[in-house]
Every structure is written in C-alpha cells, then in structure tokens.
> 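Quick one: the structure is below, questions incoming.
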Amino acid sequence: MAKETDILESVTSSEYKYGFSTDLEMETAPKGLNEDIIKLISHKKGEPEFMLEWRLKAYKKWLDMTEPKWPNVTYPRIDFNDIIYYAAPKQKKKLGSLDELDPAIKNTYDRLGIPLEEQLILAGVAVDAVLDSVSVATTYKTKLAELGIIFCSMSEAVKDHTELVKKYLGSVVPQTDNFYAALNSAVFTDGSFVYIPKGVRCPMELSTYFRINAENTGQFERTLVIADEGSYVSYLEGCTAPMRDENQLHAAVVELIAMKDAEIKYSTVQNWYPGDHEGKGGIYNFVTKRGICSGDNSKISWTQVETGSSITWKYPSVILKGDYSVGEFYSVALTNNRQQADTGTKMIHLGKNTKSRIVSKGISAGKSNNSYRGLVQVNKRAENARNFSQCDSLLMGDKCGAHTFPYFEINNKSAHVEHEATTSKIGEDIMFYCNQRGISEEDAVALIVNGYAKEVLNQLPMEFAVEAQKLLAISLEGSVG
Amino acid sequence: MITLKDLRATVETEEGKKEILKGINLQINAGEVHAIMGPNGSGKSTLASVLTGREGYEVTGGSVEFEGNDLLELEPEERAQHGIFLAFQYPVEIPGVSNTNFLKTAINEIRKSKGMEPMSSVEFLKMMKEKAKLVGLDPSMTSRYVNVGFSGGEKKRNEIFQLAMLNPKFSILDETDSGLDIDALKAVAEGVIKLKTNDNAFLVITHYQRLLNFIVPDFVHVMFDGRIVKSGGKELALHLEENGYDWITDMKETAEA
Ligand SMILES: Nc1ncnc2c1ncn2[C@@H]1O[C@H](COP(=O)(O)OP(=O)(O)OP(=O)(O)O)[C@@H](O)[C@H]1O
Ligand SMILES: [Mg+2]
C-alpha cells in the first residue's frame, strides 16, 4: 500500500538533525582509565592540588563499585578502558573574547542553532557551551558579574572560586552515591558553575549546551548551581551529539543548592543522538541530578524533555530539608525505535510542611521501552508533608512498552500523598479519525503529543517550549501507522 | 458529485482476504440526500471506510469519481480536504486534545490545502458558537477532550457538530441516529437539514425510518451482501420498516433458484 511505504520512507528519512561532526584539531588523552589519566586531566586543566586528591579518592572508591543492574534497560557490558576520558579542541591561546573562538567551533554551534554572539542579549539567554570535554565559551559573563552572579565553566570555577567549589562539590551527590557518580567525580572534565548571591534575581536564563563531537570519547560534565538566600535562577541545558555507530557514554552529575527563600528552576532538553532505528549507536545517558532545598521556603523545580539517547537512566531528585520547601519534577520522556528510558525522580521529605509535585509523561513509540521510576519518601520528622504524583503513559502503536514503578516510603502519619496514573494508546483508529478530518499523520502526532505534554512544556521558558514541541513531533515522525 | 462504478473491496482478516463489497454502483448528485439501509454485516460501514480511505481495506475493482478526481488515488486526509466527511458509527476518543484545538487544526489544514491563510481566532470562535447552537451542542463541550467521557449520544452529536464546522461537500452519516434520544435525534436532524444546500450531498446510513422522517431522502438503497439490491424513493424505507429484509432474501433466493 502506498500509505505504508510513505510511512516507512518518512521513518528512514527523518534523520537526526544534529548528526554532523566537526573536524577540529583535538588534543586527546589515550584510551583507558587509571591514575595517570586522572593526573593528566587535572594537570591539563591546571587544577589546584585539592581537586586532584578529590578525583583520586573518587577513583579508588569507584574501583570497588559495581554498575547498577536494577534499571529496566539492557545493553552490552561497557568496557571502561575503551573510552577516551579527555578530548579538547586545540586552542592556540587563552581566549580574550568570543571573536577569538576557533571559527570551526563557532560554526558547530551555529549549526546547532545556539547563539554565541553577544547580539543574543536580545534573547536574554546567557550561554555556556561545552564541546566534548571543555567549555569553549561563556557569553555575558561581564554583564552578570555586575550583579555578583558567577556563571562560568567548572574548570574556571575550580581555579577562581575554589572555596565555593570546595564547600559544595559533592555535597549533594557524594562521590560514592552511585557507580556513575563516582566515575564522574574521578574524571569530570568540565561543566557549568553558577552562583547567585543573596537576594539577587538572575535577570536572564542561564543556559549550557553540551555537545559530544569527538569519537570514542565519554562526556563527563559536572554542574553546580548555588542559589544563596532569597535568590532566583532559571537554568537550561541542551544536549546533542553526532551520529556514530558505536555507543558513547555520557555520565554527568548535576548538584543544586537552594538556600533559605531561594528558587532554582532547572530545565533540560536532552536530544543526544538516539541511535538508528535498528538501535545501532547512540548515547548512553547515565546521569545523576540532585538538588537540596537546604533552607526554609526554598524551591527546586526540575523540568526535563528527554527525546534523545539510546539509553536514559536519570532521576533528578530533590531533598526537601528546609521547612516549607517545595520540590517539583516535570518530565516528558519520549522513546522511539529501540530507545530505552528508565527515568523519574526522588522526593525526600525531611523538613516540616514540605511539598512535592511529580508530573511524568512517558511517550513510547516504535519498539522502545519507557519506564517511570519514582520514590516519595517522607521521614519521621517531616510533619504535614504533601505529595502529588501524576504518571501518564502514551503508547504509539503496539510494539512498544510503558512501565511505572512508583515507590512510597511514608514514615509520618500526617503525610498526604496522592498518586494518579493513566495509560492511553494512539492506534490506527485515532490516526484515521484525524486523517478523516483533514489532518495528516504528522500533524496529528504533533497535535496529540503536544496536548498530552502541555503541562510539562508550559514549565519551559517560552522559546524553548516551542523548540521542545517541534523536537517531540520530529522524534515521532512516522511512528504510528 | 460522486460516482461509484462496480466498486469491489476486500478486507484483511485472519483467514485471509474476504470480499465485502461485491460491485457497488451509485451516483449521487449535488443537492441530493441518499439513504442506505440493509441488514447488519451487509457492508454499509465498509463502504464508508473504503470511500474515506481507511487502511486495511483493499479496492479490488471498479472506480470512484469525486468531483472530477479519482478518489481512490487520494490519501485519507486529502479526501477530507477535498470535502469528504464521515460521521463515524463509533467515534473515537482522543485524550489530551480539546475539541477546539482539534477542529482548529482540521479547519486550518483544510484551508492550507486550498492555499488559504489560517482562520483568525475571532472568526473561529464565532463560528464555534454559531454551529454549536445549530446542532444543539452544549458549548462547554468544545473545551473538553475530543469525545473523552462523552456519552454515546454526545459523541454522535459531536460528529454532526464537526460536520457543521468543516462544511464538507459530501457527508456520510453512519448510523448517526443510533444512541440518540428522541429530542437529540430531532436536534441533530434539524441541524443537518439546515446544513443541506444545493451544492452539497448526504449519504445517510440507517436502520430506522425515524431519522428519515426528518431528513427526507431523495433515494433509498437497500444493501445486501455487498451489493445494492434495490433502489427507490423515500417510500422504500417505509416498506422496509414494515416488512424487514426477509422479502429481499426471498426475492434473491427466487432469483437464484
Ligand atoms: N476490519 C475487518 N475485519 C474483519 N471483518 C470485517 C472488517 N470490516 C468489516 N468486516 C466484515 O465485513 C462485513 C460487513 O461489515 P460492515 O461493518 O460493513 O457492516 P454494516 O453493514 O455496517 O453492519 P451494521 O449494520 O451492523 O453496522 C461484516 O461481516 C464484518 O464482520
Ligand atoms: Mg455499520
């Protein structure tokens, strides 16, 4: 039938838009992991001694740890000695301004649609860009500095804001938290650092674009966001990678600290290369993200739109330590073809009158597998804790899978916990109904998915919400038929 | 408007292909209302599916010409954009998509196919109000998800509301009357009558005379085992209501003997 061939055609032709790679002169470490490699990374980055010690400590612990087996995903064993742990574009000298950036790097980011030019002040977005292992540019640094805001690469922070880094790095996600967090602690190469001083409302979106470019490299970035008392910041990260046949590992750690009356909004649009439709290649996205509402009345809100990666394993969590603190998790996780996602959140209620809200929207298409895994924990002394969880699954066609694993550990009788879950399926009948009203397959998918994901997309800053909508539609092209 | 010549179609079943439509001939002109009646399983809904291009049905012979186009060459959404509308016997529910958003998308897709600009929100809302009134639909239903949680009768009424909004040239109503209470039937039928012009046409599939009391057909056809075995005026429907389909079976058996 003409119809079916068309659909097939559109599946095969809807290529991953960000799949190009850039030829850059790179400086890379030899494959494999040992103390010498870690010393090399630390040396290359000109780090102070404490950082190297911290890394080596993590490495020793990591050697004794094992990979987690509980996620609902399957993949061949990873050879951690077959990975390059450091790759950096060769820069002739330290950059004085953006104009001095290697044009090839700038071109990479232009093709990704990432604004590096100062004219982007107009868009109100400050960008830190991480290519493979190192941060290549941070825009608006000066403007933010006037307000006392620090927004720089992690490498710079280690050198220029050592005390803050010493105090907070590993304070929310300890080195031994899990296998990948330990690995990241040993070998992380860059990432972003944000500090918002007391009482300051950050006037623009801060954002980081992560890009894996080099072959055989792992990307291990480390992000630390500190919101001091009464401050506010909205932070957004975007991720892409070239199409490659082999799998690449991405193991990041993100730590957020919200002090008294502070608010952090952290949004992610994750579009790492997902592999082809047979499941070949793609990024293993094994990420630990956690925030702590350390002071009273603080708030942390995670929003994630996850469309890429061949495997996603991440649970952005909030520790609600301060009284009256609020934790939120809004997620759209889309899997297509052979992608696998096991994602969700943990809300740990410690303080009194703490509130958490979980809105998870899973979308599975093709032969993919999509799991929500979430923990709501109310500790003994957390009087009057409130949680609301909504976990929805949308199935496109009948070859995909959706699973929910909600866990509740309630140790205080005053807790109020609500959980709702729904599953809907978009099959041939709904598609035909839309077609019969003049709506094409593609537009119908966009209509349905955007309606379904609206509550989450609404949490994103406006311009990114529009991008995310398009991304969802593109990722599902030809998935129903 | 639409001409069917010796239309044959099979459906894919577990036991292989099964012929359901066995040579349908039908001509419907602008300004006409045709009714199709016939026993359960005779192929009425299949005919609607084939005309609207539903997957799973294969046309094995014959032709359909719609306003000078070879209808069978067009994709389902293109047929809709050309002005073919089906009020479904079993309307589906679309979670997460409001009626408003659904219809806005449909209208703008149809307009786009004609090289027209999208309709302004003001104009759209005005039209929604008007048409809801015309078919007696509670305006609050327009903000609800398409058919989700609607009663059987509400779903049918919503189909006619969509018909009013999209203003198609050729509409097929597949048992729109079933599941409607007497007042709703009257409201829906009156709506359809108001929508009828000299430029559009209707094919009404029904088992009962009562709908045809309101929407008076110019022609009535009896479908039996994938063929139109008898055609006549509106009085044929009355005859069927009184005598059932036995006389057709008898007639066929006599003819075959
Ligand atoms: N998708 C399908 N798979 C298998 N059989 C089908 C399919 N579609 C239709 N049929 C068969 O084709 C025949 C005609 O069905 P159809 O739905 O067209 O009848 P109908 O005249 O509309 O009946 P009713 O008055 O009950 O609505 C039936 O025997 C039905 O079982
Ligand atoms: Mg039928």
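Computed from a predicted model, the values in this text were never measured in an experiment. Proteins get letters first, then strands, A, B, ... in listed order; numbering begins at 1 in each.
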> Can you label the angle between the B/F66 ring and the B/F170 ring as parallel, tilted or perpendicular, going by 30° and 60°?
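Plane angle between 30° and 60°, so tilted.
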> Heavy-atom cut-off 4.5 Å, strictly under: side chain, backbone, both or neither for B/Q162 against chain A?
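Contact with chain A is through the side chain of B/Q162 alone.
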> Apply ring pair (Phe, Tyr, Trp, His ring centres under 6.0 Å) to A/Y452 and list each qualifying residue two or more places apart in sequence or on a separate chain.
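Per chain and number, A/Y452 pairs via ring pair (Phe, Tyr, Trp, His ring centres under 6.0 Å) with no residue.
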> Checking B/K44 now: which residues fulfil salt bridge (charged side-chain N to carboxylate O under 4.0 Å, His left out) with it, not counting sequence neighbours?
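Result, salt bridge (charged side-chain N to carboxylate O under 4.0 Å, His left out) vs B/K44: none returned.
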> Considering only heavy atoms, which portion of B/F102 lies under 4.5 Å from any heavy atom of chain A: side chain, backbone, both, or neither?
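B/F102 touches chain A through backbone and side-chain heavy atoms alike.
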> With a 4.5 angstrom heavy-atom cut-off, which part of B/I84 approaches chain A: side chain, backbone, both or neither?
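Contact with chain A is through both the backbone and side chain of B/I84.
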> For A/S440, is it the side chain, the backbone, both, or neither that has a heavy atom closer than 4.5 Å to a heavy atom of chain B?
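Backbone plus side chain of A/S440, per the 4.5 Å heavy-atom cut-off to chain B.
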> Report the option among B/G53, B/P168, B/G96, B/S98 that has the most heavy-atom pairs separated by less than 4.5 Å from atoms of chain A.
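Of B/G53, B/P168, B/G96, B/S98, B/G96 has the most heavy-atom pairs under 4.5 Å with chain A.
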> Non-hydrogen atoms of chain A under 4.5 Å away: do they reach the side chain of B/L166, the backbone, both or neither?
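The side chain, not the backbone.
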> May I ask you to check whether B/H82 and B/E67 show a side-chain donor-acceptor distance below 3.5 Å?
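There is no such pair between these side chains.
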> Does any heavy atom of chain B fall under 4.5 Å from the side chain of A/D443, the backbone, both, or neither of them?
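The answer is the side chain of A/D443.
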> Under 3.5 Å, is there a donor-acceptor pair between the A/Q304 and A/S331 side chains?
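Present: a donor and an acceptor within the cut-off.
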> Has B/R79 got a side-chain atom pairing as donor or acceptor with B/L51's backbone, closer than 3.5 angstrom?
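Yes, the answer is positive, given that a donor and an acceptor are paired below the 3.5 Å cut-off.
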